[in-house]
Amino acid sequence: MVSIERERASVDAVAPCFDDFVRDHQVALVRYATLLCGSRHQGEDLVQEVLVRLYPRWTQLSLKNGNLGAYVRRSVTNEFLSWRRRWHTRHIHLSSDDTYADVPDDPWADGPDEQLWQLLLRLPGQQRAAVVLRYYEGLEDAEIAEVLGCRQPTVRAHVSRGLAALRKSLVGRVDGGRSDG
Amino acid sequence: MDDLERDLQRVLTARVDDVRPQLTGATIQEAAARRRARHSHVYAPLAAAAVVLAIAVLSVVLLGHDGRKAQPAGPANSSTTSDTSAPAPPTRSAPRNPVTRTSAPIPTSSAVTTANGAPALPSASLPAKAPTGMPAKTPTGMPARTPTGIPAVTTAIPGALGDACNGSAPCRVQVTSSTDPARGASR
């Protein structure tokens with residue numbers, strides 16, 4: 001009985017802090033997760049999954065981590081990378097090759113922004129996360145390395161390879177368009 | 001920063017500019033409570049199984065430990081029987097409980113006494129000379145021999161059967177023990 005009352009008291013103490021965090025950071029977290037996943041709904045599911053996991057030990061995390069936002073962002077990134085690995089176990093496939101079902105076969109059917117977005121979704125998970133953290137969040141190599149859990153040269157390699165892949169696709173498309181014309 | 005990097009910045013920002021999530025702390029807490037309740041159905045059987053397994057392992061460990069402590073010493077403790085008895089053969093199995101074996105030692109010619117402490121008297125029907133330790137005589141007048149060829153000492157022990165022999169009926173226990181081989185050889 002005493003333990004139940006103590007648990008309720010700790011939950012009451014945690015709840016306002018947790019509510020404030022969700023209210024203040026949910027937009028940034030869901031937008032970041034949307035860029036990682038490529039879908040708004042999947043981004044919301046990803047953030048909710050991470051917050052549900054972190055909520056039971058929110059008090060401990062508040063005491064240990066000064067910057068809870070960075071910790072949660074790193075948790076979202078790790079969940080995204082592991083979630084991609086579990087992709088085939090969570091989804092019902094209508095065809096044998098629908099890993100990139102959201103990506104149209106010809107990304108050049110729409111405008112150039114849509115083309116670049118679709119090419120970005122074809123990058124591997126680590127490279128996509130590094131590119132998003134660099135060009136959307138505006139983080140430095142050290143901060144990206146902390147989020148991804150790797151060294152700074154690895155971060156630079158991910159960003160460089162991601163940009164090279166995008167550039168190669170764009171150049172190939174331009175050359176193909178010229179040859180078609 | 002080249003054109004591609006600037007395009008990336010612009011595309012990424014514009015892509016999520018209209019994202020307005022509907023998450024609240026209450027929904028997260030409700031989802032966490034549902035997950036905890038769902039997992040409790042898994043944790044309870046797992047905890048019970050862990051307790052049973054721990055009890056089984058502890059019982060096996062503790063009983064095994066006691067069994068090792070109760071291991072008897074080898075045939076080397078046969079020296080407690082008598083100083084005149086021959087050593088036990090090596091094929092003889094070790095006694096399971098040495099306490100019960102040594103509690104009632106086989107009386108020999110040198111250690112047998114009566115209830116009041118006096119030396120046991122030899123039986124009148126046999127020509128044995130037990131108290132003196134001399135070799136017993138067979139009815140033919142020759143000393144009895146053990147299978148090893150060493151003359152044996154036969155002693156009549158009244159009262160050695162305990163309750164079965166209350167002194168009213170003639171009862172005897174013949175204890176035949178070989179003498180020391182070294183003594184027999186020297187003689």
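Being a predicted model, the structure only gives us computed values, none of them experimental. Below, chain A is the first sequence line, B the second, and so on; all start at residue 1.
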Quiz item: Given the rule in the side chain to side chain contact (heavy atoms under 4.5 Å, CB included) test, do A/Leu120 and B/Leu12 qualify, once you have shown the distances and angles that lead to the verdict?
Solution: CA-CA 10 Å; A/Leu120 182 67; B/Leu12 292 175; 3.3 Å; yes
Answer with side chain, backbone, both or neither: which region of [X] has an atom nearer than 4.5 Å to a non-hydrogen atom of chain A?
X	answer
B/Arg6	neither
B/Thr13	both
B/Ala33	neither
B/Gln22	backbone
B/Asp3	neither
B/Val19	both

Quiz item: With respect to chain B, which residue among A/Leu166, A/Leu35, A/Leu163 yields the maximal number of heavy-atom pairs within a distance under 4.5 Å?
Solution: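 Top option by heavy-atom pairs under 4.5 Å: A/Leu35.
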Quiz prompt | Closest-packed option against chain B by number of heavy-atom pairs under 4.5 Å, given A/Leu51, A/Val132, A/Val131 | solution =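 Between A/Leu51, A/Val132, A/Val131, the count favours A/Leu51.
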Nearest 0.5 Å, what's the [atom1]-[atom2] distance between [X] and [Y]?
X	Y	atom1	atom2	result
A/Gln26	B/Ile28	CD	CD1	8.5 Å
A/Arg23	B/Leu23	CZ	CG	13.5 Å
B/Gln29	A/Phe18	CD	CZ	6.5 Å
B/Leu8	A/Trp117	CG	CH2	10.5 Å

Practice problem: With a 4.5 angstrom heavy-atom cut-off, could you sort out which part of A/Arg134 is near chain B: side chain, backbone, both or neither? | Solution: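 Contact with chain B involves no heavy atom of A/Arg134 at all.
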Neighbour count above 12 (heavy atom, 6.0 Å) for [X] [atom1]:
X	atom1	value
A/Gln152	CD	yes
A/Arg156	CZ	yes
A/Glu146	CD	no

Quiz prompt | A/Phe21 reachable from A/Val27 in the ILVMFWY side-chain graph, under 4.5 Å edges | solution =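 In one cluster: no.
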Self-check item: Criterion side chain to side chain contact (heavy atoms under 4.5 Å, CB included) on B/Arg15 and A/Arg40, from CA distance to verdict
Solution: CA-CA 10 Å; B/Arg15 191 76 193 180; A/Arg40 180 178 308 180; over 6 Å; no
Quiz prompt | Lys/Arg-Asp/Glu bridge criterion (N-O < 4.0 Å) met for B/Arg20, A/Glu44 | solution =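 No salt bridge links B/Arg20 with A/Glu44.
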Exercise. Could you have a look at B/Asp17, B/Thr27, B/Thr24 and say which one has the most heavy-atom pairs with chain A under 4.5 angstrom?
Key: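 Highest number of pairs under 4.5 Å: B/Asp17.
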Mind listing the closest non-hydrogen atom pair of [X] and [Y] along with its distance?
X	Y	value
B/Ala32	A/Tyr55	CB-CD2, 3.7 Å
A/Arg31	B/Val16	NE-O, 2.9 Å
B/Pro21	A/Val30	CB-CG2, 3.6 Å

Quiz item: Would you say the side chains of B/Gln9 and A/Tyr136 form a donor-acceptor pair under 3.5 Å?
Solution: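 A/Tyr136 and B/Gln9 do not have a side-chain donor-acceptor pair below 3.5 Å.
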Quiz item: Is a side-chain N or O of B/Arg35 found less than 3.5 angstrom from the main chain of A/Val52, in a donor-acceptor match?
Solution: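 Not a single qualifying donor-acceptor pair exists.
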Quiz prompt | Verdict with supporting geometry, A/Asp113 and B/Arg10, side chain to side chain contact (heavy atoms under 4.5 Å, CB included) | solution = CA-CA 9 Å; A/Asp113 291 352; B/Arg10 182 175 48 80; 2.8 Å; yes
